[in-house]
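Everything below concerns the one structure shown next.
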Amino acid sequence: MKNKSMKGKKILTAVLIMTMALLTLTACGGNDAQNQDEEMTKLVLGTSADYAPFEFMYPDENGDMQFGGIDIYVSEYIADYMGLELQVENMSFNNLLTSLGKGQFDMVLADIEATDERKEAADFSEPYLTELAPQFLVKAENADKFKSYSDFEGKTIGAQTATTKYNIISEIPDVSPVALQNVLDLIKEVSYGKVDAILVDGSVAQQYQATNDDLVALSFDELGTSADVCVAVAKGDPKGLLPKINEAIAKMNEENKIEEFKQKASEYADVWQEVSAPEDDAEGEEE
């Protein structure tokens, strides 16, 4: 009888220990989930503020530098929709998707096309705008020299480092490609006659043509067609951001906000400053 009583006490003790352990684990799990929700108060954007009108910096009335541009306004809209505060981090375009994969950002907006190659490194939202096909920028006094695409053969042409535009000019016969990390530096190169032309996205070319009398944008069928621009998140969307991002984009498109954002960006054309991180040797992605 005594042995049965002792066994019963041991069994009861074991059950109590297991029950307390389960309750402890459940409580800890609940706290982790709660802490995770509490920590998500900011939406961190990674961008490269050297690509007006999509992303740039400008001085406010106090002289403090602020981020502006189409992608910045899209990001603000998404953050507001999600009830989060937007935090903008500036980095050279070369490293944006790599840093996104390391968890340094929640999302990347930098006029990025969702190419098959990029889809191996990140996941992408539905498109939030359609970008014009790439265009050349040349000095106005030289525009008559480029009547056809073949006229660029054998010329010196600049493009942004590690972009699809650089790949395009590299395929032109006998061209001398010049890769620079900052678009503003490319503008200076063509303006000062150090290169014959530069190749940038269509919206960028149109913006610089509108604000620089000495530059002319040229388009050719060989440069392709328009491309969809999307938001990038880490591969596998570990934070589960894409559903809400896509909801925000759908609502934004219903309200035709992109045209409003384009107009807002253009209002800073006289004061914007393209600011990018220092150049580095890391392998880059394509814009």
Side-chain angles (χ1 to χ4, degrees), residues 43-81 85-93 96 105 107-113 125-135 137 160 163 165 181-188 191 198-213 215-217 219 226-232 245 248-277 287:
L43 188 65
V44 183
L45 165 69
T47 193
S48 182
D50 65 345
Y51 213 63
F54 290 95
E55 37 268 332
F56 53 84
M57 297 192 76
Y58 67 93
D60 63 14
E61 60 274 11
N62 298 319
D64 298 324
M65 296 301 292
Q66 305 292 332
F67 287 100
I70 299 169
D71 286 340
I72 302 299
Y73 307 140
V74 170
S75 300
E76 290 173 345
Y77 188 98
I78 292 172
D80 287 343
Y81 182 85
E85 177 187 350
L86 182 67
Q87 177 179 323
V88 183
E89 297 292 338
N90 187 33
M91 176 178 285
S92 64
F93 182 81
L96 282 176
F105 314 128
M107 62 180 186
V108 165
L109 283 83
D111 191 28
I112 293 182
E113 305 164 23
S125 70
E126 295 297 322
Y128 61 88
L129 66 80
T130 300
E131 170 63 298
L132 300 175
Q135 296 180 5
L137 276 172
Q160 194 174 21
T163 64
K165 270 64 70 180
Q181 191 164 340
N182 192 296
V183 174
L184 188 57
D185 290 338
L186 289 171
I187 296 296
K188 292 177 181 177
S191 296
I198 63 172
L199 186 64
V200 293
D201 282 308
S203 295
V204 178
Q206 290 296 313
Q207 187 66 61
Y208 275 104
Q209 176 180 248
T211 55
N212 293 269
D213 293 337
L215 295 178
V216 172
S219 60
S226 58
D228 290 334
V229 178
C230 306
V231 178
I245 290 175
I249 289 172
K251 187 172 185 290
M252 183 177 66
N253 288 335
E254 288 176 5
E255 298 173 352
N256 198 28
K257 284 291 185 179
I258 287 297
E259 293 307 314
E260 178 184 320
F261 295 158
K262 288 179 179 179
Q263 177 59 36
K264 184 178 178 180
S266 68
E267 294 173 359
Y268 292 97
D270 293 333
V271 295
W272 71 37
Q273 300 177 28
E274 297 173 317
V275 182
S276 64
E287 205 165 22

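- In this structure, the side chain of Asn90 engages the main chain of Ala49 through a donor-acceptor pair within 3.5 Å.
- The minimum heavy-atom distance linking Ile245 with Ser125 is given by the pair CG2-CB, 3.9 Å.
- Take Tyr77 and apply the ring pair (Phe, Tyr, Trp, His ring centres under 6.0 Å) test, not counting sequence neighbours, and it matches no residue.
- Two residues are said to be in side-chain contact when any heavy atoms from C-beta on lie closer than 4.5 Å; Val74 and Ile258 meet this criterion.
- Among all heavy-atom pairs drawn from Leu96 and Gly46, the shortest one is CD2-C, 3.8 Å.
- Taking every heavy atom of both residues into account, Pro134 and Leu199 meet most closely at CB-CD1, 3.9 Å.
- Here the closest non-hydrogen pair linking Ser191 and Leu215 is OG-CD2, 4.0 Å.
- For the atom pair Glu76 CD and Leu86 CG, the distance stands at 6.0 Å (nearest 0.5 Å).
- Checked by atom type and distance alone, the side chain of Asp111 never pairs as donor or acceptor with a backbone atom of Val229 at under 3.5 Å.
- Residues Ile72 and Leu45 are in side-chain contact: their nearest non-hydrogen atoms beyond the backbone lie under 4.5 Å apart.
- When all heavy atoms of Thr211 and Gln207 are compared, the closest pair comes out as OG1-O, 3.0 Å.
- A donor-acceptor distance shorter than 3.5 angstrom exists from the side chain of Ser48 to the backbone of Met91, with no hydrogens or angles considered.
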| request: Verify side chain to side chain contact (heavy atoms under 4.5 Å, CB included) between Phe261 and Met252, making sure each step is shown before the conclusion. | output: CA-CA 11 Å; Phe261 295 158; Met252 183 177 66; 3.7 Å; yes
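- With rounding to the nearest 0.5 angstrom, the CZ atom of Phe56 is 11.5 Å from the CZ atom of Phe67.
- Put simply, the side chain of Asp60 gets close to the backbone of Asn62: a donor and an acceptor are under 3.5 Å apart.
- In this structure, Glu85 has no salt bridge (Lys or Arg N to Asp or Glu O under 4.0 Å) partners at least two apart in sequence or on a different chain.
- A donor-acceptor contact shorter than 3.5 Å is absent between the side chain of Gln135 and the backbone of Ala217.
- Looking only at side-chain heavy atoms (C-beta outward), Asp201 and Tyr51 come within less than 4.5 Å of each other.
- Under the side-chain hydrogen bond (donor to acceptor under 3.5 Å, both in side chains) criterion, the residue pairs touching residues 260-270 are Lys257-Glu260, with sequence neighbours excluded.
- In this structure, the separation between OH on Tyr208 and CD1 on Ile187 is 5.0 Å, given to the nearest 0.5 Å.
- With rounding to the nearest 0.5 angstrom, the CG atom of Leu129 is 9.5 Å from the CD atom of Glu259.
- Rounding to the nearest 0.5 Å gives a distance of 13.5 Å between SG of Cys230 and CE of Met107.
- Remark: Phe54 CZ to Thr47 OG1 distance equals 10.5 Å, nearest 0.5 Å.
- Taking each heavy atom of Asp50 and Gln160 in turn, the nearest pair found is OD2-NE2, 3.1 Å.
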